Amino acid sequence: MSPFNLAGKYALVVGVANDHSIAWGIARALHAAGAELAITYLNPKAEPHVRPLAEAVGAPIVMPLDVSRPEEQDALFDAIRQKWGRLDILVHSIAFASHDELCGRVADTSADGFTKAMDISVHSLIRLARSAEPLMTNGGACLTMSFYGAEKVVSSYNVMGPVKAALEATTRELCSELGPKSITVNALSPGTIATRAAGGIDNFDEMMREATERSPMRRLVTIDDVGAAAVFLASDAGRNITGTVLHIDAGYHAMG
Ligand code: NAD
């Protein structure tokens, strides 16, 4: 049997907003590899965009989750416990910073704006992993989405640079703590992809142009590229890979 086969695995995917979302590329790939999915949507406004996608991959659990609402997270994990009794894969593909914070200098970031960006983009991973841990009774795989701006200054990425750096450090800490339970924790670091969240970044078109010109492969990546990498890390092929940041960026990170 292929080591990439996910038949019999249960996966929670958080972060689908529409069919451009990185989380959707991952959900589609996990489903194609055989996993059964739980998919969340942010709020009632998002539901009509997400529910048809969840139905297209036959997800038996489709529920709201705003990570700043603990009661929604509790209800989601109750539903997973009742339906499946366990969880094998957690995909955390969300980030938030208010427009002012995202477009301003890091030097001008307010304490409230910084705290909120950290809470929604980083501490939410901790909270989700904490809920997932007791359900990952056969081991498991946790995946989160970072960006090269965690490592080096990327023009216009602003406050999300320190936020993603914290996310990558959190990934390593969780990897250390959950490893004894055979739970892997990894970050994927995709290159620039035109999604709704990316639309909030000033000069994103310029970032896409630079990514194309400077990457050794002279091309952008797709949500399907990220999905394939997620399947690899979530499958038996990735069972001994943890605490890593896997760049899916056509080699952009290797350039000086
Ligand atoms: P997207 O807009 O499709 O997804 C962002 C998701 O975050 C949305 O589904 C949104 O509902 C969710 N979200 C925001 N606040 C939330 C909250 N309070 N509770 C629950 N969910 C919330 O954009 P995307 O580009 O697919 O972003 C997914 C992840 O990928 C993010 O972490 C982003 O930083 C990361 N990423 C994106 C790129 C890129 O170029 N698009 C590159 C590298 C990493």
Side-chain angles (χ1 to χ4, degrees), residues 12-28 39-51 53-54 62-73 76 90-99 101-102 115-125 127-128 143-151 154 156-168 170-171 187-212 215 220-227 229-230 245-250 252-253:
L12 167 61
V13 179
V14 178
V16 179
N18 55 41
D19 63 354
H20 299 292
S21 295
I22 290 173
W24 173 239
I26 295 174
R28 202 162 52 186
I39 291 184
T40 65
Y41 52 88
L42 177 61
N43 54 30
K45 205 171 143 203
E47 183 178 359
H49 302 282
V50 178
R51 191 168 283 281
L53 299 175
V62 188
M63 290 181 67
L65 178 63
D66 177 331
V67 293
S68 60
R69 294 174 175 267
E71 67 282 7
E72 290 186 358
Q73 183 166 325
L76 171 66
L90 166 66
V91 177
H92 172 273
S93 183
I94 71 174
F96 176 83
S98 73
H99 181 76
E101 307 292 356
L102 188 56
T115 305
K116 179 140 197 226
M118 283 286 184
D119 181 60
I120 304 295
S121 313
V122 183
H123 194 262
S124 63
L125 171 65
R127 296 196 289 275
L128 286 168
L143 300 173
T144 188
M145 300 306 127
S146 190
F147 182 63
Y148 183 63
E151 302 165 48
V154 172
S156 301
Y157 205 55
N158 302 331
V159 71
M160 288 311 289
V163 167
K164 291 301 190 190
L167 184 69
E168 292 186 3
T170 300
T171 299
L188 303 180
S189 185
T192 51
I193 302 176
T195 62
R196 206 177 63 190
I201 298 172
D202 266 352
N203 303 320
F204 190 73
D205 288 349
E206 175 60 23
M207 282 172 72
M208 300 256 287
R209 193 187 56 73
E210 208 212 328
T212 313
S215 68
L220 296 170
V221 303
T222 69
I223 61 171
D224 293 326
D225 295 327
V226 185
V245 178
L246 179 61
H247 298 90
I248 304 140
D249 63 356
Y252 183 88
H253 70 283

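Just follow the structure's listing: the first ligand is 1, and inside any ligand the first atom is 1. No experiment lies behind these values; they were computed from the predicted model shown.
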Determine yes or no for a side-chain-to-main-chain donor-acceptor pair under 3.5 angstrom, with Ser121 supplying the side chain and Phe96 the backbone. yes
Looking at atom 29 (C) of ligand 1, what's its closest protein heavy atom, distance included? Ser93 OG, 3.5 Å
Would you mind reporting whether Asp249 and Ser215 have side-chain heavy atoms less than 4.5 Å apart? no
Looking only at non-hydrogen atoms, which of Val50, Ile248, Asp66 approaches atom 18 (N) of ligand 1 most closely? Asp66
Per-atom contacts of ligand 1 with Leu65, taking only distances under 4.0 Å to non-hydrogen atoms: 19 (N), 20 (C)
Checking the side chain of Asp66 only, and the main-chain atoms of Leu42 only, is there a donor and an acceptor separated by less than 3.5 Å? no
Within ligand 1, which atoms have a heavy atom of Met145 less than 4.0 Å away? 29 (C), 30 (O), 32 (O), 35 (C)
With a cut-off of 6.0 Å (strictly less than), are more than 12 heavy atoms of other residues, nucleotides or ligands near CZ of Arg69? no
Check each of Glu168, Glu151, Lys164 against Ser146 using the side-chain hydrogen bond (donor to acceptor under 3.5 Å, both in side chains) test, and report the only one that passes. Glu168
Could you list the atoms of ligand 1 found under 4.0 angstrom from a heavy atom of Leu42? 11 (O), 16 (C), 17 (C), 18 (N), 19 (N), 20 (C), 21 (N), 22 (C)
Please confirm whether Ser146 comes under 4.0 Å of ligand 1, counting heavy atoms of the residue only. yes
How far is atom 21 (N) of ligand 1 from its nearest protein heavy atom, and which residue and atom is that? Ile94 CG2, 3.7 Å
Gap between atom CG of Leu65 and atom CG of Leu12 - 0.5 Å precision: 7.5 Å
Would a distance-only check, ignoring hydrogens and angles, find a side-chain to backbone donor-acceptor pair under 3.5 Å from Asp224 to Gly227? no
Please identify which atoms of ligand 1 are closer than 4.0 Å to at least one heavy atom of Val16. 9 (O)
Which residue and non-hydrogen atom of the protein lie closest to atom 9 (O) of ligand 1, and at what distance in Å? Gly15 O, 2.8 Å
Considering His247, His92, Lys164, which one's heavy-atom position lies nearest to atom 32 (O) of ligand 1? Lys164
For ligand 1, is there an atom lying under 4.0 Å from some heavy atom of Ser124? no
With heavy-atom distances below 4.0 Å as the criterion, list the atoms of ligand 1 near Phe204. 40 (O)
Would you say the side-chain atoms of Gln73 pair up with the backbone N or O of Arg127, donor to acceptor, closer than 3.5 Å? yes
Which option wins on minimum heavy-atom distance to atom 38 (C) of ligand 1: Thr192, Ile22, Val13? Ile22
To the nearest 0.5 Å, atom OG of Ser189 lies from atom CD1 of Ile248 at 7.5 Å
For Ser21, take its heavy atoms, then give the atoms of ligand 1 lying under 4.0 Å from any of them. 1 (P), 3 (O), 26 (O)
Ser124 pairs by side chain to side chain contact (heavy atoms under 4.5 Å, CB included) with which of Thr144, Ile94, Asp119? Ile94
Among protein heavy atoms, which lies nearest atom 40 (O) of ligand 1, and at what distance? Ile193 N, 2.8 Å
Heavy-atom contact under 4.0 Å between Met207 and ligand 1? no
Here the atoms of ligand 1 under 4.0 Å from any heavy atom belonging to Ile120 are 15 (N), 16 (C), 17 (C), 18 (N)
Where is the nearest protein heavy atom to atom 19 (N) of ligand 1: which residue, which atom, and how far? Val67 N, 2.9 Å
Can you pull out the closest protein heavy atom to atom 14 (C) of ligand 1? Residue, atom name and distance to 0.1 Å, please. Ala95 O, 3.6 Å
Below 4.0 Å from ligand 1: does a non-hydrogen atom of Tyr148 turn up there or not? no
Just to confirm my output: which protein heavy-atom neighbour is closest to atom 2 (O) of ligand 1, and how far is it? Ala197 N, 2.9 Å
With heavy atoms of Thr195 as the reference, note each atom of ligand 1 found under 4.0 Å away. 23 (O), 24 (P), 25 (O), 26 (O), 41 (N)
What are the two closest heavy atoms between Val50 and Ala17, and how far apart are they? CG2-O, 3.7 Å
Between the side chain of Thr195 and the main-chain N/O of Ala198, is any donor-acceptor distance below 3.5 Å? yes
Hey, does Met160 have a side-chain heavy atom less than 4.5 Å from the side chain of Val154? no
Tell me, please: is Ala46 in heavy-atom contact with ligand 1, that is, under 4.0 Å? no
Aromatic plane relationship, Tyr157 with Phe147 - under 30° parallel, 30 to 60° tilted, over 60° perpendicular: tilted
